[in-house]
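What you see is a predicted model, and the numbers here were worked out from it, not measured in a lab. Proteins get letters first, then strands, A, B, ... in listed order; numbering begins at 1 in each.
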Amino acid sequence: MRLSKLPIATLRETPAEAEIASHRLMLRSGMVRRLASGLFTWMPMGWRVARIVERVTREEMERIGAHEVLMPAVHPAELWRESGRWQDYGDLLLKMRDRGEREYCFGPTHEEVVTDIARRELKSYRQLPVSFFQVQTKFRDEIRPRFGVMRSREFIMKDSYSFHLNEESLRETYGRYREAYSRVFERLGLKFRVVQADSGEIGGSKSQEFHVLADSGEDLIAWCDGDDFAANLELAPALPPEGQRAAPGAAMSEAHTPGMRTIRQVAAHLDRPPEDCLKMLLVKAEGGGVVALVLCGQHEVNELKATGLPEVAKPLQLANAQEVAQAAACPPGFLGPVGLRVKTYVDHAAAHRANFVCGANRRDKHLVDVNWGRDLAEPETADLRNAVEGDRSPGGGGTLKIARGIEVGHIFQLGDKYSRAMNAVVLDENGAERHMQMGCYGLGVTRTVAAAIEQNHDERGIIWPEAMAPFSVVLVALNMARDENVRAAAEQLHESLRSQGVEVLFDDRDASPGVKLADADLIGIPHRVVVSARGLKQGTLEYKHRRSDTAEDLGADEAVEFLQARLAP
RNA sequence: CGGGGUAUGGCGCAGUCUGGUAGCGCGUCUGCUUUGGGAGCAGAAGGUCAACGGUUCGAAUCCGUUUACCCCGACCA
């Protein structure tokens with residue numbers, strides 16, 4: 001492609017709306033343009049990248065025998081009423097009416113449609129297992145679209161659905177998808193992790209997420225290098241500490257802690273480490289009232305774990321002022337478990353502390369040298385907190401690491417949730433009707449493009465992994481408009497590379513060298529060749545990799561072989 | 001949906017408090033010069049100041065209504 005023919009300007013200044021690197025760089029490099037909140041046009045350069053992700057994904061889907069289909073983007077309401085999700089999916093579902101006042105939604109996912117297909121087409125266990133996939137535009141009416149195409153309302157997803165006679169077959173196919181997804185992200189050159197995940201609204205039992213590792217990721221994931229444990233932080237168990245709890249020491253006493261409502265203030269004032277200072281949260285209980293949760297000062301409550309307790313209301317909500325006042329005669333900063341008559345759960349780590357500090361349930365007072373079993377009853381323990389770096393791995397192979405990730409894929413074993421709701425059955429070998437087992441598997445195509453940029457960029461621009469780059473080589477011809485030698489050499493190299501099948505972006509614009517070099521860095525093509533009058537005088541071209549700090553000269557006549565050697569897969 | 005904010009040429013912004021008929025940088029176009037890290041000079045095009053209504057001799061500016069967008073919270077590929 002000749003840049004002189006691509007009428008898309010790169011932006012020197014960043015539009016004010018862009019908060020994160022990928023959004024900024026995609027706008028500046030002209031990969032996408034915004035139409036409205038959460039709606040983006042994919043411009044030529046960006047679309048090439050999206051299509052690479054699509055292509056690699058398709059190839060891996062076909063490799064495991066999935067059949068590509070294309071289902072409608074618009075779905076009739078009846079189908080979604082049948083599954084119960086016309087209501088359950090909530091406002092994320094974009095609903096609309098046609099001229100006959102019939103109700104439809106724009107599909108945010110396709111379990112209903114594919115299950116309808118399956119119940120019509122699949123009649124016998126002999127047809128199973130089978131899986132279908134599509135690459136298609138989805139619409140989710142997100143409350144707050146943000147981060148450009150990372151969380152847009154309209155986006156492209158590759159979604160697959162598998163059908164099985166039994167759970168064993170489902171598990172086997174699920175495993176194949178996990179491997180296929182891993183191959184997709186490996187081939188794209190992304191650093192990623194597969195982690196255990198919560199199934200959320202889609203339902204079903206087991207699910208795993210694929211996260212591209214990036215510091216700007218919205219999710220936290222935990223894993224252990226010494227075993228195969230890996231989970232979304234919301235699911236990662238925080239194991240009880242090992243060993244015996246220390247013996248009680250000095251007798252419990254009261255300390256004056258005026259106005260100190262945070263763990264940090266209390267710990268500093270009493271000269272105790274934060275882990276010795278237990279904090280207590282009052283949260284709303286199912287059916288009214290409150291439940292108390294006690295954790296070590298440095299730990300964070302885990303919402304999924306907390307709401308898993310029978311008494312705790314979903315979603316997790318802190319008690320309001322009235323509820324706190326009802327439970328204790330002090331402000332929230334001075335709450336503690338001693339003498340409190342509220343259902344109380346204590347995190348394993350907090351239950352392991354001896355001689356700890358906690359609120360006294362009196363304004364401006366804390367208790368010091370408190371001990372379970374001495375100053376108050378032995379606690380009812382539970383896992384309430386987020387795991388932290390260095391915690392013991394549930395897999396037993398060492399300690400946990402924590403990193404940020406961007407969720408680009410999610411695979412589920414759905415079981416019979418949809419096949420039951422929509423009565424999708426086949427006859428088994430005994431001629432009996434059986435609800436099919438289902439799996440579903442999503443991969444965010446457009447989000448993967450943004451995630452790749454989050455993981456691979458520097459202050460100058462994007463650094464595409466080789467496999468995702470919209471072009472392999474950028475050919476920068478300096479002062480081509482006024483130097484016939486440069487023009488001839490550049491045109492010739494462009495033609496040679498093209499004839500060898502190399503995807504080359506030819507910067508033949510009549511622009512200053514600074515502009516061209518800056519744009520080459522911004523767009524992020526891995527291999528750069530500069531043709532200049534200066535070099536040609538010595539019969540050389542200049543080569544530089546986007547990740548390298550230094551350029552090297554190469555003979556003008558060996559450029560094609562040189563590049564081919566570098567581009568070899 | 002709750003809270004906060006913004007809306008002025010393609011992009012980034014000033015002007016609004018204190019009303020007087022719109023300006024800067026980047027980009028675009030023309031010409032000359034320059035040419036290895038976002039060039040210089042000269043000239044030019046481009047704005048119903050988000051929309052509607054009101055106050056006023058006069059509104060980007062004051063008042064009211066509406067809309068769009070952004071940021072912070074709960075969701076997801």
Side-chain angles (χ1 to χ4, degrees), chain A residues 7-20 23-24 27-28 30 33-39 53 57 89-93 108-110 135-160 181 197-202 207 209-212 218-219 232 234 303 307 314-318 405-412 440-451 460-461 476-483 486 509-522 528 530-535 542 544 551:
Chain A
I8 309 301
T10 55
L11 272 34
R12 200 163 160 182
E13 288 172 294
T14 309
E17 72 217 39
E19 286 287 301
I20 62 169
H23 190 193
R24 246 183 352 250
L27 288 172
R28 284 192 54 207
R33 292 277 111 109
R34 188 180 69 87
L35 175 66
S37 177
L39 302 175
V53 177
T57 306
Y89 211 87
D91 291 333
L92 271 184
L93 195 62
T109 177
H110 279 63
V135 177
Q136 203 218 24
T137 297
K138 299 284 189 270
F139 192 98
R140 294 182 187 175
D141 198 1
E142 297 278 352
I143 295 167
R144 191 151 84 86
R146 62 188 139 166
F147 304 148
V149 300
M150 189 81 82
R151 183 190 298 285
S152 51
R153 292 192 293 176
E154 188 176 300
F155 60 97
I156 298 173
M157 178 160 91
K158 188 289 302 173
D159 48 327
S160 300
Y181 274 37
D198 180 38
S199 307
E201 289 303 307
I202 292 190
S207 86
E209 292 166 344
F210 288 74
H211 284 266
V212 165
E218 288 192 273
D219 287 292
N232 192 305
E234 61 185 12
E303 176 165 356
T307 53
K314 283 188 205 185
L316 191 66
Q317 289 171 281
L318 286 174
I406 299 163
E407 185 191 351
V408 290
H410 201 161
I411 59 178
F412 299 82
C440 78
Y441 317 89
L443 189 154
V445 171
T446 42
R447 183 182 279 183
T448 297
V449 176
R460 292 201 304 267
V476 181
L478 300 186
N479 304 316
M480 164 170 170
R482 57 193 283 280
D483 188 314
V486 171
R509 293 175 300 173
D510 183 14
S512 76
V515 169
K516 291 186 169 196
L517 295 171
D519 276 350
D521 286 342
L522 175 62
R528 184 184 86 184
V530 175
V531 182
S532 69
R534 197 173 74 188
E542 178 196 276
K544 182 179 163 303

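- Counting any heavy atom pair closer than 4.0 Å across all strands shown, Glu19(A) reaches sugar-phosphate atoms only and no base atom.
- Residue Met480(A) is classed as having no contact, given no heavy-atom separation below 4.0 Å to the nucleic acid.
- Minimum atom distance to the side chain of Ile143(A) is reached by C1(B), of the listed G38(B), C1(B), A77(B).
- With sequence neighbours excluded, the residues that form a salt bridge (Lys or Arg N to Asp or Glu O under 4.0 Å) with Lys138(A) are Asp159(A).
- Across all strands shown, A39(B) forms a Watson-Crick or G-U wobble pair with U33(B), both key distances being under 3.5 Å.
- On the C1' atoms, G9(B) is 15 Å away from G15(B), given to the nearest whole Å.
- One N or O donor and one acceptor, one from the side chain of Arg447(A) and one from the base of C76(B), sit under 3.5 Å apart.
- Residue-level contact check: Arg153(A) touches neither bases nor backbone, having no heavy atom under 4.0 Å from any strand.
- Going from atom NZ of Lys138(A) over to atom P of C76(B) covers 16 Å, rounded to whole Å.
- In terms of phosphate contacts, Ser512(A) brings no side-chain nitrogen or oxygen within less than 4.0 Å of OP1 or OP2 of G38(B).
- Counting non-hydrogen atoms under 4.0 angstrom, Arg34(A) reaches the backbone sugars and phosphates but no base.
- As rounded to whole Å, 14 Å separates atom C1' of G38(B) from atom CG of Asn479(A).
- For the pair Asp141(A) CG and A74(B) C1', the interatomic distance rounds to 15 Å; values are reported in whole Å.
- The partner of G64(B) is C52(B), judged by Watson-Crick or G-U wobble contacts that both fall below 3.5 Å.
- At least one side-chain nitrogen or oxygen of Ser37(A) sits closer than 4.0 Å to the OP1 or OP2 atom of C70(B).
- Distance CG (Leu92(A)) to C1' (A74(B)): 11 Å, rounded to an integer number of Å.
- Atom CD in Glu303(A) sits roughly 8 Å away from atom C1' in A74(B) (whole-Å rounding).
- Distance from the side chain of Arg460(A) is smallest for G37(B) among the nucleotides G37(B), A77(B), G36(B).
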What protein N or O atoms touch nucleotides 8-12 of chain B N or O atoms at under 3.5 angstrom, if any, and at what distances?
{"residue": "G12(B)", "atom": "OP1", "partner": "Ala16(A)", "partner atom": "N", "Å": "3.0"}

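- Within 4.0 Å (heavy atoms only), Arg528(A) reaches at least one base atom of the nucleic acid.
- Straight-line distance between the P atoms of C13(B) and U8(B): roughly 10 Å, to the nearest whole Å.
- Residue Arg144(A) places at least one side-chain N or O under 4.0 Å from the OP1 or OP2 atom of C72(B).
- Nucleic acid contact class of Val515(A) (heavy atoms, under 4.0 Å, all strands): base.
- In this structure Phe210(A) satisfies the ring-ring contact (aromatic ring centres under 6.0 Å, His included) test together with Tyr181(A), Phe185(A), sequence neighbours excluded.
- Among the atoms of the strands shown, none is found under 4.0 Å from any heavy atom of Thr137(A).
- The listed nucleotides are G36(B), C72(B), C69(B); the one nearest the side chain of Ala36(A) is C69(B).
- As judged by a 4.0 angstrom heavy-atom cut-off over every strand, Asp521(A) is placed among the base-contacting residues.
- Applying the 4.0 Å criterion to OP1 and OP2 of G73(B), one finds that Arg146(A) has a side-chain N or O inside that range.
- Among the heavy atoms of the strands lying under 4.0 Å from Asp519(A) is at least one base atom, whether or not backbone atoms are also near.
- Ranking G36(B), G37(B), A77(B) by closeness to the Ala518(A) side chain, first place goes to G37(B).
- As a whole-Å value, the separation of Arg482(A) CZ from G36(B) C1' is 12 Å.
- Nucleic acid contact class of Leu478(A) (heavy atoms, under 4.0 Å, all strands): base.
- In this structure, Glu154(A) atom CD and A77(B) atom C1' are separated by 14 Å, rounded to whole Å.
- The CG-C1' distance, from Leu316(A) to C75(B), rounds to 16 Å in whole Å.
- Shown here are the salt bridge (Lys or Arg N to Asp or Glu O under 4.0 Å) partners of Arg460(A), two or more places apart in sequence or in another chain: Asp521(A).
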Identify each donor-acceptor pair in which a side-chain atom of residues 141-152 of chain A lies under 3.5 Å from a protein atom, sequence neighbours left out, and give them as a table.
{"residue": "Asp141(A)", "atom": "OD1", "partner": "Arg153(A)", "partner atom": "NH1", "Å": "3.2"}
{"residue": "Arg151(A)", "atom": "NH2", "partner": "Glu218(A)", "partner atom": "OE1", "Å": "2.9"}
{"residue": "Ser152(A)", "atom": "OG", "partner": "Glu154(A)", "partner atom": "O", "Å": "2.9"}

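- Annotation: salt bridge (Lys or Arg N to Asp or Glu O under 4.0 Å) contacts of Arg509(A) (sequence neighbours excluded): Asp507(A), Asp519(A).
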